[in-house]
S.K.: 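Can you read through this structure? Questions will come right after.
Labels below follow one simple rule: chain letters A, B, ... track the order of the sequence lines, proteins then strands, and each chain is numbered from 1.
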Protein chains: 2
Amino acid sequence: MAIVNTELKNAPLPSIKRLPIYLNMLRLMQVKGRPVVSCTHIADDLHLDPTQVRKDLAITGIIGRPKVGYQVPELIQSIEAFLGWKKANEAFLVGVGNLGSALLGYEGFAHLGLKIIAAFDSHPEKAGKTIHGREVFPLEQLPSLASRMHVHIGVLTVPASAAQSAADVLIGSGIRAIWNFTATRLDAPPDTIVENVELASSLAVLSSKLEATMKNKKKS
Amino acid sequence: MAIVNTELKNAPLPSIKRLPIYLNMLRLMQVKGRPVVSCTHIADDLHLDPTQVRKDLAITGIIGRPKVGYQVPELIQSIEAFLGWKKANEAFLVGVGNLGSALLGYEGFAHLGLKIIAAFDSHPEKAGKTIHGREVFPLEQLPSLASRMHVHIGVLTVPASAAQSAADVLIGSGIRAIWNFTATRLDAPPDTIVENVELASSLAVLSSKLEATMKNKKKS
DNA sequence: GGCTTATTGGTATTTTTTTATCGAGAATGA
DNA sequence: TCATTCTCGATAAAAAAATACCAATAAGCC
Ligand SMILES: NC(=O)c1ccc[n+]([C@@H]2O[C@H](COP(=O)([O-])OP(=O)(O)OC[C@H]3O[C@@H](n4cnc5c(N)ncnc54)[C@H](O)[C@@H]3O)[C@@H](O)[C@H]2O)c1
Ligand SMILES: NC(=O)c1ccc[n+]([C@@H]2O[C@H](COP(=O)([O-])OP(=O)(O)OC[C@H]3O[C@@H](n4cnc5c(N)ncnc54)[C@H](O)[C@@H]3O)[C@@H](O)[C@H]2O)c1
């Protein structure tokens, strides 16, 4: 009956996806020195429904005060804790090409609980280099390094043709979760977490909307 | 306000997001020379529900044959037409940094109905260069080039601090749709399409799952 | 101190999306 | 030819998510 379903119960996926958006906004507020915030305010700012915001925040276990709202720092902590972003999870990146290099150069991951500590590539010319401060190793060294360093996350940015085999290496090395930037749907055992970054899906939403408005324009 | 739009536009967003995933798979099938495919087969391959696949495909207007399925080339065409991917939509990219450069170097966009024809950057050192075959112009030249070339899509990859002002330039230049890679929620008029690429959301799903399994492990 | 108002947190309702069911059509092989 | 089997397409049911509602509560104001 009570509120206590928080910990292991499966929260709605759409809610989880909104949490980092709140988090980003809350951090900006914290910088500005705002001590408290209400759902109404958050909702106004992000053009969402206040009730939805309240329900989303509730899954992290935060409790607010009527007429006041939530303490900003406390709310930030609560979201971070729920997502496992309090300490940065260490990760390996596989495939140091266009995208892989860009991700290695992105400082924002520090705020998203991710720390890429090393990179791997099968190309002899890439291995041995240092890109954005991270050493690039030959792929063969991944298994031993992964077990030695207790890394649980793999970021996959190889070409589609190499995606499954590279994923197999990650899985064989005891990696728990793969952040998959390739268009390939990976085969993986059920206890391995695979999260696909579907850039194409995002673009599909954009272009189907664009297509619809264009068609509309023509008609009227 | 055109009422005509409603019948065209009410496809479920989750369905639209799955379409490019089908498309990718169908193209692989076409390469292999497979002439027809059934929902059952697609569903098996992608670990989805066959009924869901059928409904998704139905929104593109395709009609299949019982006992046979769909003609692969016809189905590809149907999805492409629905998404507006039959001809590549021309786009400008703003912010030629880590991510912007990676996107410029990505050849896969040709299959996603996108063709980035030029790039813009406010940094004097970047303007004038050519990156992956695309010329980089100073941001000031964007408005005149956009109207001259009838470009409708802007890809936004500037730092968060510059996101809104760069978006304003795009909007002021008659751009219809912004593919926003920054974490900033942009203010835009209602007739401008803004599609946010929420990398953080994707990572949040991954890490909350990882966090949950870790907690589980500890308990047992 | 009592009144008013903003806001939480729980419940209820509506809407959206997913999943199940079933009749009919079409290929296959007996 | 005809039964069999697979698959589509439509409809119905279930599940998930978004939205509406309201009592309780705390802050600010008169
Ligand atoms: N570049 C982008 O903007 C972009 C956008 C969306 C999706 N993607 C996807 O990301 C992936 C990488 O794209 P990219 O543009 O960076 O490609 P890329 O060719 O620039 O880089 C791929 C890298 O992977 C390395 N590699 C190849 N096989 C490997 C293996 N078996 N093990 C380890 N490393 C291996 C290559 O040496 C190369 O350095 C692709 O699957 C692509 O579809 C890229
Ligand atoms: N790099 C990544 O992997 C990554 C991942 C997720 C999100 N992002 C987001 O993408 C954006 C860009 O990231 P990045 O790593 O490429 O940053 P970056 O600093 O490497 O590149 C930003 C580029 O934008 C240019 N720029 C700055 N202000 C501008 C303006 N007003 N008009 C035009 N150009 C301007 C800069 O000169 C620079 O070339 C950021 O908002 C970041 O949050 C990046």
S.K.: Taking atom NE2 of A:His41 as the centre, report whether more than 12 heavy atoms of other residues, nucleotides or ligands fall under 6.0 Å from it.
M.R.: yes
S.K.: Quick one: B:Glu74 CD to D:dC8 P, roughly how many Å, whole number?
M.R.: 13 Å
S.K.: From the options C:dA20, C:dA27, D:dA17, select the nucleotide whose nearest atom is closest to the side chain of B:Lys67.
M.R.: C:dA27
S.K.: Find the distance A:Lys55:NZ to D:dA17:P and express it as a whole number of Å.
M.R.: 11 Å
S.K.: Where the side chain of B:Arg54 is concerned, which of D:dA10, C:dT8, D:dT19 is the nearest nucleotide?
M.R.: D:dA10
S.K.: What is the minimum heavy-atom distance between B:Leu203 and A:Phe109, and which atoms define it?
M.R.: CD2-CD2, 4.5 Å
S.K.: Go nucleotide by nucleotide along DNA chain D from the 5' end; which of A:Val68 and A:Leu13 gets its closest nucleotide reached first?
M.R.: A:Leu13
S.K.: Can you tell which of C:dG25, D:dT25, C:dG9 lies closest to the side chain of B:Pro66?
M.R.: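 So the side chain of B:Pro66 is nearest to C:dG25.
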S.K.: Counting only side-chain nitrogens and oxygens, does B:Thr51 get under 4.0 Å of the OP1 or OP2 atom of C:dA20?
M.R.: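 Answer is no, no contact under 4.0 Å.
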S.K.: Rounding to a whole Å, what distance do you find between A:Arg65:CZ and C:dT7:C1'?
M.R.: 11 Å
S.K.: Between B:Glu211 and A:Lys87, is there a salt bridge with N-O shorter than 4.0 Å?
M.R.: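 Yes, this pair counts.
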S.K.: Report the distance from atom CD1 of B:Ile42 to atom C1' of D:dC6, rounded to the nearest whole Å.
M.R.: 15 Å
S.K.: Reading DNA chain D from 5' onward, which residue's closest nucleotide shows up sooner: A:Gln52 or B:Ile63?
M.R.: B:Ile63
S.K.: Can you tell me how far P of D:dG9 sits from CD1 of B:Ile59, to the nearest Å?
M.R.: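 One finds 14 Å between P of D:dG9 and CD1 of B:Ile59, rounded.
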S.K.: Could you state the atom-to-atom distance from NE2 of B:His47 to P of C:dT18 in whole Å?
M.R.: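 One finds 18 Å between P of C:dT18 and NE2 of B:His47, rounded.
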S.K.: What's the NE2-C1' distance between B:His41 and D:dC6, to the nearest Å?
M.R.: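 These atoms are roughly 15 Å apart.
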S.K.: Expressed in angstrom and rounded to an integer, what is the separation of A:Arg18 atom CZ from D:dT19 atom C1'?
M.R.: 12 Å
S.K.: Would you say that more than 12 heavy atoms from the other residues, nucleotides or ligands in this model lie under 6.0 Å from the CD1 of B:Ile63, or not?
M.R.: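 Open.
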S.K.: For a quick test of reading the model, state the closest non-hydrogen atom pair linking A:Phe120 to A:Val96 and the distance between them.
M.R.: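 Here A:Phe120 and A:Val96 meet closest at O-CG2, 3.8 Å.
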